[in-house]
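Remember, it's a predicted structure, so these values are computed and weren't measured experimentally. Below, chain A is the first sequence line, B the second, and so on; all start at residue 1.
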There are 2 protein chains.
Amino acid sequence: MVKRTSFEGDDCPIARSLEQIGDWWSLLIIREALFGVRRFGEFQGKLGMAKNILSARLRALVDHGILATAPASDGSAYQEYVLTPKGRGTFPVLVALRQWSEEFDDRPEEIATILVDRAKGRPVKKLELRAEDGRLLGQGDTMLKPRPVPRRRSAG
Amino acid sequence: MVKRTSFEGDDCPIARSLEQIGDWWSLLIIREALFGVRRFGEFQGKLGMAKNILSARLRALVDHGILATAPASDGSAYQEYVLTPKGRGTFPVLVALRQWSEEFDDRPEEIATILVDRAKGRPVKKLELRAEDGRLLGQGDTMLKPRPVPRRRSAG
DNA sequence: CTTGTGTGGTTGCATTATAAAACCAGATGC
DNA sequence: GCATCTGGTTTTATAATGCAACCACACAAG
């Protein structure tokens, strides 16, 4: 088979997440959804993507439990696509991507928006990775360990 | 033209970052690079990907300033691919993806590794988004604002 | 310097995904 | 009932992906 390699059974959590949201459109669909977009036509209009692709992506996102379909809130017989908790959980990913662009993009002046604290209207700080004791961690302060095997009562 | 839509001129920073690292392989290549992988064959062996695809991806990553080529450190005439600061700046993105998998994956028991604080060997905390004054922010506590136009001396 | 082997790719071909546009069914509006 | 809008599916063309084969150069042995 020559189909696109799937990371579904991979043991790397990054590969596993890319399997679900690692394509060109999914994260943009989720981004719109986070800002309240719910209807097919609304996604299509905002993102300017082909309808068949949008259709396929929405179905995949629903299959992965990132979006769920719901009856339209305006009383019409159409349906809507709403984020599940898993879908809303992608927010840090989107923030990380945004901040990476803001910091390293070659033409940052083309970036149209900034993410601000709603209460104060001030830009948010960079995402912080901390240790259990609160120390700020960079990449070099971390390492990977094998996941501990979950304890089973049978073995004692 | 029917080619894959490019987000290069898009004004959304998320789209812009996806343009550079939003494909299936780039982030995995960067992940390996963060763990010290530098040689073509080493990437190919660890990721199990086709060599032509790897070749194309490495070239694109170099073009985008995420990787740089350097003479091999072992004295041989071959070259190596090393992360630039921009490349190392993707670390929060990878952490966010990892944590999303850890929290929402349907089969988390298949995840082989955990990210730990090197000093203590303890798992890291979840990425935190904070306001300037230190308040912890969720998605609902944020909003997008138009980017302020940079001040130019000529017009003023 | 000739042969052999490993590294680091490129090329060719089959398959799959993406894109645009045409088409279509059901809901809605008049 | 007829036109139109919404939310798709189908059709067809092009681009990306994946595998395998091939190739060039570095390096080593004889």
>> Which residues end up grouped with Ile111(A) if you chain together Ile, Leu, Val, Met, Phe, Trp and Tyr wherever their side-chain heavy atoms are less than 4.5 Å apart?
In response: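 Hydrophobic cluster check, Ile111(A): no partners found.
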
>> Each nucleotide in nucleotides 3-10 of chain C should get exactly one letter: B, S or -. Can you fill that in based on protein heavy atoms under 4.0 Å?
In response: ---BSBBB

How many Å lie between [atom1] on [X] and [atom2] on [N], as a whole number?
{"X": "Phe43(A)", "N": "dT6(D)", "atom1": "CZ", "atom2": "C1'", "value": "15 Å"}
{"X": "Asp23(B)", "N": "dA16(D)", "atom1": "CG", "atom2": "P", "value": "12 Å"}
{"X": "Leu67(A)", "N": "dG7(D)", "atom1": "CG", "atom2": "P", "value": "15 Å"}
{"X": "Trp24(B)", "N": "dA17(C)", "atom1": "CH2", "atom2": "P", "value": "9 Å"}
{"X": "Ile29(A)", "N": "dT18(C)", "atom1": "CD1", "atom2": "P", "value": "11 Å"}
{"X": "Ile53(A)", "N": "dA13(D)", "atom1": "CD1", "atom2": "C1'", "value": "13 Å"}
{"X": "Leu54(B)", "N": "dG18(D)", "atom1": "CG", "atom2": "C1'", "value": "13 Å"}
{"X": "Leu47(B)", "N": "dG18(D)", "atom1": "CG", "atom2": "C1'", "value": "15 Å"}

Side-chain donor-acceptor contacts of residues 114-127 of chain B below 3.5 Å, not counting sequence neighbours, with atom names and distances?
{"unit_1": "Asp117(B)", "atom_1": "OD1", "unit_2": "Ala119(B)", "atom_2": "N", "d": "3.0"}
{"unit_1": "Asp117(B)", "atom_1": "OD2", "unit_2": "Arg135(A)", "atom_2": "NH2", "d": "2.4"}
{"unit_1": "Arg118(B)", "atom_1": "NE", "unit_2": "Gly140(A)", "atom_2": "O", "d": "3.1"}
{"unit_1": "Arg118(B)", "atom_1": "NH2", "unit_2": "Thr142(A)", "atom_2": "O", "d": "3.2"}
{"unit_1": "Lys120(B)", "atom_1": "NZ", "unit_2": "Asp133(A)", "atom_2": "OD2", "d": "2.7"}
{"unit_1": "Arg122(B)", "atom_1": "NE", "unit_2": "Glu132(A)", "atom_2": "OE1", "d": "3.0"}
{"unit_1": "Arg122(B)", "atom_1": "NH2", "unit_2": "Glu132(A)", "atom_2": "OE2", "d": "3.1"}
{"unit_1": "Lys126(B)", "atom_1": "NZ", "unit_2": "Glu103(B)", "atom_2": "OE1", "d": "2.8"}

Tabulate below the donor-acceptor pairs under 3.5 Å that side-chain atoms of residues 45-54 of chain A make, not counting sequence neighbours, or state none.
none

>> Taking side-chain hydrogen bond (donor to acceptor under 3.5 Å, both in side chains) as the cut-off, I'd like each qualifying pair that reaches into residues 59-71 of chain A, sequence neighbours left out, listed once.
In response: Ser55(A)-Arg59(A)

>> Under 4.0 Å from OP1 or OP2 of dG18(D): is there any side-chain N or O of Trp25(B) that close?
In response: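 Indeed, a polar side-chain atom of Trp25(B) lies that close.
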
>> Using the ring-ring contact (aromatic ring centres under 6.0 Å, His included) criterion, which residues pair with Phe43(A)? Sequence neighbours excluded.
In response: none

> So what does Ala50(B) touch, heavy atoms closer than 4.0 Å: a base, only the sugar-phosphate, or nothing?
Replying inline: base

> Which class fits the ring pair Trp24(A) and Phe7(B): parallel under 30°, tilted 30 to 60°, perpendicular over 60°?
Replying inline: tilted

